[in-house]
Asker: 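My structure is below; once you've seen it, I'll send some questions.
Below, each value reflects all heavy atoms present in this structure, side chains not excepted, and no hydrogens, waters or symmetry copies.
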Amino acid sequence: MEPRSPSFASTWLLAMLQGQTYDQIAARFRVTKSTVSKSVSDLARDLQSVVGVVGIDEDSAPSAHVIRAHGKDYLEALEHFVPLAKQAATTSPPIITQAHIDQLVLHTARHSRYKQRDIALLLVLIHTGARPNEIARLSVADYVDAAGQHRSPPWLPAGAASNGIARPLLLRDATVLYWLDAYLAWRLAAGFGVGDQSEYRGLQGQSSLFLSRTGASFSSSSTKATAEKGLHDVLQRIFRYANLPGLGVLGARRSVAHRLHADGCTPEEIAFYLGTRTGAVRRLLATGPRKPPHPGAFRA
């Protein structure tokens, strides 16, 4: 059987972006050209749908031309990608209910060495449905203004959004704000991204909202390599804490889509809030073995 593991696909994607043709890669690994092409295309689709590729919609067909033209953005997404997450999400990920959230927060608080960051990160993902690479690009100034007040609502800048379109983030939940505030206070005490004490709660406004355990940015624009391979890796570890099979990044986006649908939003409105196309929303809302959440599944 010809190899098609995620590691091979990643190797072939990197080789292609370094200028090798599918024919050259196939000859080097003794597989067919179609095997290489399909594996790279499948990986690119996973990067688009699970992590997000800046400038590429998750529904776009990742041709070799498209991948090469946006090589830097695909590489950034690859840094955040955890293949295990895709395997868990391939069979209609379950809706994340409030009971799930409570269990995730409880186990994260119990097991994480950076509980303020990890709980805040988890809740931002679950309540906004933003992709990991979008969350990685958020700055402190996107969350609070210079006076330290919450932005209402905070906006994901166009430069941080995978589709290049700015959109509001649905951070209305008091618990999310509590943990985000707790994390910023922890950062200030730890000296991570500290700035003028009179602005942005003592932090640098343009520093990333979420930092690695070493204080480095999760964005690949950082000159330091992160010790944790990216935000997606951290998120998947958080989901593993609670031992809830099937829950993950895609489940969060699907849950937000169902919540907004239950609140009366149209597919077009949901697409705007998730930064995607209407077709992708219809697939997220497609009926499956797991029933949609009750409108009160998330606290308002």
Asker: I'd like to know if the side chain of Arg28 and the backbone of Asp23 have a donor-acceptor N/O pair within less than 3.5 Å.
Answerer: no

Asker: Applying the side chain to side chain contact (heavy atoms under 4.5 Å, CB included) test to Phe218, which of Leu121, Asp233, Leu231 qualifies?
Answerer: Leu231

Asker: Should the ring pair Phe210 and Tyr183 be called parallel, tilted or perpendicular, given that the plane angle runs from 0 to 90° and is split at 30 and 60?
Answerer: parallel

Asker: For the residue pair Phe272 and Cys265, establish whether any side-chain heavy-atom pair is separated by less than 4.5 Å.
Answerer: no

Asker: To the nearest 0.5 Å, what is the distance between CD (Gln103) and OG1 (Thr97)?
Answerer: 9.0 Å

Asker: For atom NE2 of His100, is the number of surrounding heavy atoms from other residues, nucleotides or ligands below 6.0 Å larger than 12?
Answerer: yes

Asker: Roughly how far, to the nearest 0.5 Å, is NE2 of His127 from CG of Leu171?
Answerer: 8.5 Å

Asker: Can you tell me if Arg117 uses its side chain to pair, donor with acceptor, with the backbone of Leu211 under 3.5 Å?
Answerer: yes

Asker: Using the rule that Ile, Leu, Val, Met, Phe, Trp and Tyr join whenever any side-chain heavy atoms are under 4.5 Å apart, tell me whether Ile165 and Val281 fall into a single cluster.
Answerer: no

Asker: Could you work out, with salt bridge (Lys or Arg N to Asp or Glu O under 4.0 Å) as the rule, every residue matching Asp181, not counting sequence neighbours?
Answerer: Arg201

Asker: Minimum heavy-atom separation for Ile67 to Tyr74, with atom names?
Answerer: CA-CE1, 3.6 Å

Asker: Is any NZ, NE, NH1 or NH2 atom of the basic residue among Arg277 and Glu268 found under 4.0 Å from an Asp or Glu carboxylate oxygen of the other?
Answerer: no

Asker: Describe, in one word, how the ring planes of Phe8 and Trp12 are oriented to each other, choosing from parallel (under 30°), tilted (30 to 60°) and perpendicular (over 60°).
Answerer: tilted

Asker: Between Ile238 and Asp118, what is the shortest heavy-atom contact and its length?
Answerer: CD1-O, 3.4 Å

Asker: Under a 4.5 Å cut-off applied to non-hydrogen side-chain atoms, are Leu104 and Phe239 in contact?
Answerer: yes

Asker: Do Leu106 and Leu125 share a hydrophobic cluster, counting only Ile, Leu, Val, Met, Phe, Trp and Tyr and linking them when any side-chain heavy atoms are less than 4.5 Å apart?
Answerer: no

Asker: If you round to the nearest 0.5 Å, how far is CG of Leu123 from CH2 of Trp179?
Answerer: 8.5 Å

Asker: Please check this pair: side chain of Ser139 against backbone of Gln206, looking for a donor-acceptor N/O pair closer than 3.5 Å.
Answerer: no

Asker: Can you check whether Phe29 reaches Thr11 side chain to side chain, under 4.5 Å on heavy atoms?
Answerer: yes

Asker: Would Arg131 and Glu134 pass as an ion pair if we require N to O under 4.0 Å?
Answerer: yes

Asker: Could you measure the distance from the CZ atom of Arg240 to the CG atom of Leu235? Nearest 0.5 Å is fine.
Answerer: 10.5 Å

Asker: Taking the side chain from Glu269 and the backbone from Thr266, do they hold a donor-acceptor pair closer than 3.5 Å?
Answerer: yes

Asker: State, with a plain yes or no, whether a side-chain heavy atom of Leu138 is found less than 4.5 Å away from one of Leu169.
Answerer: yes

Asker: Quick one: closest heavy-atom pair of Ile126 and Val256, and the distance?
Answerer: O-CG2, 3.0 Å

Asker: Leu78 and Ser10: which non-hydrogen atoms are nearest, and at how many Å?
Answerer: CD1-OG, 3.8 Å

Asker: State, with a plain yes or no, whether a side-chain heavy atom of Asp142 is found less than 4.5 Å away from one of Arg151.
Answerer: no

Asker: With rounding to the nearest 0.5 Å, note down the distance linking CH2 in Trp155 to CZ in Arg167.
Answerer: 10.5 Å

Asker: I'd like to know if the side chain of Asp42 pairs up with that of Ser39 as donor and acceptor (distance under 3.5 Å, no hydrogens or angles considered).
Answerer: no

Asker: Can you tell if the side chain of Ile56 reaches within under 4.5 Å of the side chain of Pro62, non-hydrogen atoms only?
Answerer: no

Asker: Is the shortest side-chain heavy-atom distance between Leu260 and Leu170 below 4.5 Å?
Answerer: yes

Asker: So which atom in Asp73 and which in Arg137 form the shortest heavy-atom distance, rounded to 0.1 Å?
Answerer: OD1-NH2, 4.5 Å

Asker: Could you give me the CA-CA distance, side-chain angles and deciding distance for Asp196 and Leu203, then say whether side-chain contact (heavy atoms from CB on, under 4.5 Å) is met?
Answerer: CA-CA 7 Å; Asp196 185 337; Leu203 301 173; over 6 Å; no

Asker: Verify the neighbour count for atom OH of Tyr273: are there more than 12 heavy atoms of other residues, nucleotides or ligands below 6.0 Å?
Answerer: no

Asker: Check for a donor-acceptor pair, side chain of Ser41 on one end and backbone N or O of Ser37 on the other, with a separation under 3.5 Å.
Answerer: no

Asker: Looking at NE2 of His70 and CG of Leu17, how far apart are the two atoms once the value is rounded to the nearest 0.5 Å?
Answerer: 12.0 Å

Asker: Can you confirm whether the side chains of Thr32 and Thr35 place a donor and an acceptor under 3.5 Å from each other?
Answerer: yes

Asker: Under a 4.5 Å cut-off applied to non-hydrogen side-chain atoms, are Val194 and Gln204 in contact?
Answerer: no

Asker: Using the side-chain contact (heavy atoms from CB on, under 4.5 Å) rule, take Gln98 and Ile101 through it: C-alpha gap first, then chi angles, then the decisive distance, then the call.
Answerer: CA-CA 5 Å; Gln98 187 60 50; Ile101 297 173; 3.9 Å; yes

Asker: Looking at Ser212 and Ala216, would you say the former's side chain and the latter's main chain have a donor-acceptor pair under 3.5 Å?
Answerer: yes

Asker: Kindly give the heavy-atom pair with the smallest separation between Ala257 and Leu274, and that separation in Å.
Answerer: CB-CD1, 4.0 Å

Asker: Determine yes or no for a side-chain-to-main-chain donor-acceptor pair under 3.5 angstrom, with His258 supplying the side chain and Leu284 the backbone.
Answerer: yes

Asker: Do Ser207 and Arg187 have side-chain N/O donor and acceptor atoms under 3.5 Å apart?
Answerer: yes

Asker: Hey, does the side chain of Gln116 reach the backbone of Ala182 with a donor-acceptor pair shorter than 3.5 angstrom?
Answerer: no

